[in-house]
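Below: one structure, written as structure tokens.
Side chains are part of it too, since the values below use all heavy atoms of this structure and drop only hydrogens, waters and symmetry mates. The sequence lines fix the lettering, A, B, ..., with proteins before strands; numbering per chain opens at 1.
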Number of protein chains: 2
Amino acid sequence: MTLHYVIPLVFPPSSFFTIPMLTEITKEEVISRLRNAGISPSGPRIAVFHFLCNNHIHPTVDTIFHALSPENPTLSRTTVYNTLKLLLAKKLIQSVKIEDTEVRFDGNPAFHAHFKCRQCDCIIDLFDVPCPAIPQSEDFQIELPQVNFYGICRNCQQKLKA
Amino acid sequence: MTLHYVIPLVFPPSSFFTIPMLTEITKEEVISRLRNAGISPSGPRIAVFHFLCNNHIHPTVDTIFHALSPENPTLSRTTVYNTLKLLLAKKLIQSVKIEDTEVRFDGNPAFHAHFKCRQCDCIIDLFDVPCPAIPQSEDFQIELPQVNFYGICRNCQQKLKA
DNA sequence: TTTAGATTTGTAATGAAAACAATTTTAATA
DNA sequence: TATTAAAATTGTTTTCATTACAAATCTAAA
């Protein structure tokens, strides 16, 4: 079977750039999600998870640390690392391996593809790229795949044109 | 349109594990490919590219360096880095961003998915996972996507059963 | 109030990658 | 063949994300 796709003239095309309802996730909702996952909702954990849920910028550890430090003066990088590892293990977030050497994080654990702009290094969610078939085993769970695109984002395309 | 997939009992299932003809790529063929790409075929470049074409193990820089050092006693890590960067720019190879912090390399630049075993850390080519639709722009080339699966490979599944 | 376990913190260590300058090689020209 | 400029390679140094580790702090149960 061959699938045919409409080839858009700009990237990301609107059909690949659906923006989901960006309702603010409250601290209470964050605490509830942590409790449901069996994680005791400490201050740093609430802060890190809340930041990831409401900032769809696929931050690095350092970005998270610097964003939260002013409000949490005693926060340490190690705690950010520990917290992210814990959230990943409980599948409350996902990691995005789209850079060569550093990991980025995404507060939305559901499958979606990502696009990295080679010009401005932004990372954009692509909610309308279908998830590739995930082979399942009787004995083992195969995790969601990562699907990463690379290129030039629409903003940078327009800047380069001008 | 909904697609239905046969769910295999073991992973990787045979249909996801097609092994292409693994004919040895000769040094002459390697030199020819380098010349066609406008790269002068120096000793280190031939060695690195030849290694990648004939060892489908998705090696790291360090693995390549240690594999080639005995035959090339003066080879330096920096040269391996430089050569890989050049081969990538000319699209003779591809990088595989499937680990958190280090990049792996693949002598086959054509699209195929990858699977990483969380148990033994091996990386397996999945030649039968279809390439997601690649949005194309009039002005900019969007590069091939990376599709990465994670889980437990068949070997480790059997070891864990026993 | 005590105390054990959980959590957080800061420092040190690791290691991949990049930056950099110097050396060596190559290839064109005299 | 000799000269020389560009290309390629090399080793060292630096950077920086991540991990390891041990000490300090906090939490919640007894």
Exercise for review: Would you kindly give the CD-to-P distance between B/Glu99 and C/dG15, to the nearest whole Å?
Suggested key: 15 Å
Check your understanding: Judged by modelled atom types alone, do B/Asp128 and B/His112 share a side-chain donor-acceptor pair under 3.5 Å?
Key -> no
**Study point:** Between P of C/dT14 and CD of B/Glu102, the distance in whole Å
**Key:** 17 Å
Exercise for review: Heavy atoms of chain B, cut-off under 4.0 Å: which first and last nucleotide of DNA chain D, 5' to 3', fall inside that, if you could look?
Suggested key: D/dA8 to D/dT18
Exercise for review: Taking the side chain as every heavy atom from C-beta outward, state whether B/Gln146 and B/Ile98 have any atom pair closer than 4.5 Å.
Suggested key: no
Review point. Do A/Leu144 and A/Val103 belong together in a cluster built from hydrophobic side chains that touch within less than 4.5 Å?
Key: no
Point to revise | Short N-O contact, A/Glu99 and B/Lys97, less than 4.0 angstrom | key: no
Check your understanding: Is there side-chain contact between B/Ile152 and B/Leu160, with at least one heavy-atom pair below 4.5 Å?
Key -> yes
Revision key, fill the gap. Protein heavy-atom contacts under 4.0 Å, written 5' to 3' over nucleotides 2-12 of chain C as B (base), S (sugar-phosphate only) or - (none), form the string -----SSBBB-
Check your understanding: Can you tell if the side chain of A/Lys27 reaches within under 4.5 Å of the side chain of A/Ile46, non-hydrogen atoms only?
Key -> yes
Revision key, fill the gap. Separation of C/dA17 atom C1' from B/Lys97 atom NZ, nearest Å, is 12 Å
Check your understanding: Between B/His58 and B/His56, is the gap from one ring center to the other below 6.0 Å?
Key -> no
Review point. Do B/Tyr81 and B/Ile39 share a hydrophobic cluster, counting only Ile, Leu, Val, Met, Phe, Trp and Tyr and linking them when any side-chain heavy atoms are less than 4.5 Å apart?
Key: yes
